[in-house]
Amino acid sequence: MSGPSDYQPTNPALRWIERRLPIFGLIHSSFVAYPTPRNLNYWWTFGAILSMMLAVQIVTGVVLAMHYTPHADLAFRSVELIVRDVNYGWLLRNMHACGASMFFFAVYIHMFRGLYYGSYKEPREVLWILGVIIYLLMMATGFMGYVLPWGQMSFWGATVITNLFSAVPYFGESIVTLLWGGYAVGNPTLNRFFSLHYLLPFVIAGVVVLHVWALHVAGQNNPAGVEAKTEKDTVAFTPYATIKDLFGVSCFLIFYSWFIFYMPNYLGDAENYVPANPGVTPAHIVPEWYYLPFYAILRSIPDKLVGVVAMFAAIIILCFLPWLDSSKTRSSKYRPLAKQFFWMFVVVCILLGYLGAQPPEGIYVIAGRILTVCYFAYFLIVLPLLSRIETPRPVPNSIADDVLAKTGRKAAPMVSTVIAIMVAGGLLVGGAQSARAEGGEVAPPAQKWSFSGPFGKFDRGAVQRGLQVYKEVCATCHSLSFVAFRNLADPGGPGYSTAQAAAFASEYKIKDGPNDQGEMFERPGRPADYFPSPFPNEQAARAANGGAAPPDLSLITKARSYKRGFPWFIIDFFTQYQEQGPDYVTAILEGFEENPPAGVTIPEGSYYNKYFPGHAIKMPKPLSDGQVAYTDGSPTTVAQYAHDVTTFLMWTAEPHMEARKRLGLQVFVFLILFSILMYFTKKKVWANAH
Amino acid sequence: MVFCRRGGPRAPAGLPVAMGAAGAVPPAADKKGLGIVTTASSADHPTRRDFLFVATGAAAVVGAAATVWPFIDQMNPDAATIAAGAPIEVDLTPIAEGQDIKVFWRGKPIYISHRTKKQIEEARSVPLSSLPDPQTDEARVKSGHDQWLVVIGICTHLGCIPIAHEGNYDGFFCPCHGSQYDTSGRIRQGPAPANLAVPPYQFVSDTKIQIG
């Protein structure tokens, strides 16, 4: 994209096309012969990683849209059916849902890299602003995508975010009505969000083309921050940059796969496995992690309009960065003060993100306000001031000089980085301690599960016994509407044969019809039927259970969780601990106590449960010793029942878990081998450049 | 790096003979030489470098191909659709002689005709040589249940649904492009190339069939 090319294909057919449409010349000059600075480090591979993530999101998104139903009554179920029934549906959904997080993760690194090395400075202002526009489009796309599964967080996220626009003076209410297409968030909202969620990625792709175009006009910035002057400063894009980018991409894929195959729900909210309920707001509304810093800024300001303005300003201010920071030196490598403040700013952003996930009370509000001030001060005070008072160190004469100076020198750990990380760590620990002091809840004890860890499998016996407990006890009140009888014979499940599943199904009476006379009738269940609900509708369930409708149990082990807090949520990432749900469900089943502790009063019609939030649960103690007669000699105790039924419910919540972990292992072996090959290939290719 | 030490001494032996030998050994054996790429002296060793590039490229192709499969396979019918396509039972008692009904199985209309003596007679008296898709009537019904014709009611031309009891052969007439079928559902006239297909079915009892 840098002017006409003199490239001529050798193949006569290609030359025929080239004369009429010089597309091969365009590709050649943009992605083959294009000169890139030879001193680019691996932070620069995130551009390629982002291109890949955009492609992954578009491809998986188009595929998911083939199976998704954008209707308020059907959306939640259609997403679950994608995961359960579509071939590799679980994989595609995990790729898309985790892909959104990876996309943002990569874009934040890309942005911080630009910030550190001054990539926004003259002549790259338009390039930078186009990047901010892409980021804004990504936020809009990500938000609308999160609404589509139509869970509780989807619904209430949509409500809260659309209500931001009600802060606009005079026109606020009209704008919000326009966004909703109704009196409240509902089916029209979901439909238009689906449409826009499908459209915006292609708009992003269009702006990315402009972004790359602007990049190829100005040329890439580099860690030294000096422009490429001679041929010695650059290498050809292909093979040097391509191979390096591909190595970066393959390493990133390992990180991405960790989420897809082992931690698919780590970055999601358990609440979003509860279908949208316009009548009940979840206790803690938390957006996806990539919005948290801005959410924290929004909540820090006690005025509605100012809060909204501050939140948007926090992003828009990036557009003015090229003029706020007028220092002639691009790279922070040569700006001793700017470097320190840069790392402090990184820490401020991370801490704001942490605060965004905390309840808006007490110390969190005060800390949020301080950090909000820090955030804006970095742009409005620190950067303009530094560019006037700071004396930068001398920059190298050329990129080639920078490369030569680097060989043989070992990078010492940066003191400022260490200090910044220590400060951040200290603050986080402090925050966590105060959080623990506030909550009086008892965390459910961690259980041993057969299905935990990277090689975990369902204990067949436990799943079968759990099915028995569900059928004999839970099924009197709780439905299991996402599970079909045929699933009992699926691989990775309870391990029944097709005939056993059919026999199990035939014991149930299923309502069918209408027949030729127009009447509904009952018939024996078939494998294709789903577990019937004990109540005809939610109102009946509510009426029969003291006003609290027993929740559907299909997803309960994924829809329930408890707060892990710092530093556990970081350790969990490495240990792959994600059994908060099963631990909680077991704890509830075992946590009933006849007499509440002294000083605790439980309302009429409720029961005391040690682990239930608020302790007053409408469900009476469901299990007692000896209640279900096991045929395999397992102990008939409440603890055993609870363990078995929870194992069963973990399987109903994620029937393809074993396939996920099995494929994950194969993918990991492949990706690690491939990355090693890529590493040596890259080394080999670059050996010629040094 | 054990590989380096093992491969290192071999690298300087850049003789044409040695290069040929390295290229000929099976991939498993040659992989041991991978570490060689870390030694600078191997830069002028085209065979080994080519092997590394070929191995990396091959791994990339394998990975890409394996990645494409889920995206293709997701278009196949999902488990719920397959389960819904299970066999169905149809009670034949309400169908009087000369009548027919239409039921749906796997989204396809199935015609079940209770044929009259005359219709069976017509179907069986046609010489096979005059049929575009020769097939006896006996081969299209279950023996002992000759009065029952069960066919998929989808025209073999382009998928429209033929109308029963219409056309010149007292069988089926497709309104889209004028194909005509006889009382055995065989093509007699028009653009359709084949007879109406017979779905898999069996008689569970004299008055009940299971389709599928």
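Sequence lines set the chain letters: A, B, ... in the order given, protein chains first and strands last, and positions in each chain run from 1.
In summary, A/Asp245 and A/Lys682 do not engage in a salt bridge, as defined by a charged side-chain N under 4.0 Å from a carboxylate O.
Of the atoms belonging to A/Met66, it is side-chain heavy atoms, and not backbone ones, that fall under 4.5 Å from chain B. Only the side chain of A/Tyr530 comes within contact range of chain B, judged by heavy atoms closer than 4.5 Å. Heavy atoms of A/Thr60 lying under 4.5 Å from chain B belong to its backbone as well as its side chain.
Identified by a heavy-atom distance below 4.5 Å to chain A, the contributing residues of residues 66-91 of chain B are B/Trp69, B/Pro70, B/Phe71, B/Asp73, B/Gln74, B/Met75, B/Asn76, B/Pro77, B/Asp78, B/Ala79, B/Ala80, B/Ala83, B/Ala84, in residue-number order.
Annotation: B/Tyr111 is in aromatic contact with B/Phe172 [ring centroid separation under 6.0 Å].
Cation-pi geometry between A/Lys244 and A/Trp686 is met: the NZ or CZ atom falls under 6.0 Å from the ring centre, inside 45° of the normal.
Classification of the A/Tyr256-A/Phe252 ring pair by plane angle, with boundaries at 30° and 60°, yields tilted. Ring geometry, A/Phe247 versus A/Tyr679: the interplanar angle falls from 30° to 60°, so the pair is classed tilted.
Side-chain atoms of B/Gln99 come within 3.5 Å of backbone atoms of B/Ala96 as a donor-acceptor pair (strictly under, hydrogens ignored).
A/Arg523 pairs by the side-chain hydrogen bond (donor to acceptor under 3.5 Å, both in side chains) definition with A/Asp512, A/Asp529, not counting sequence neighbours.
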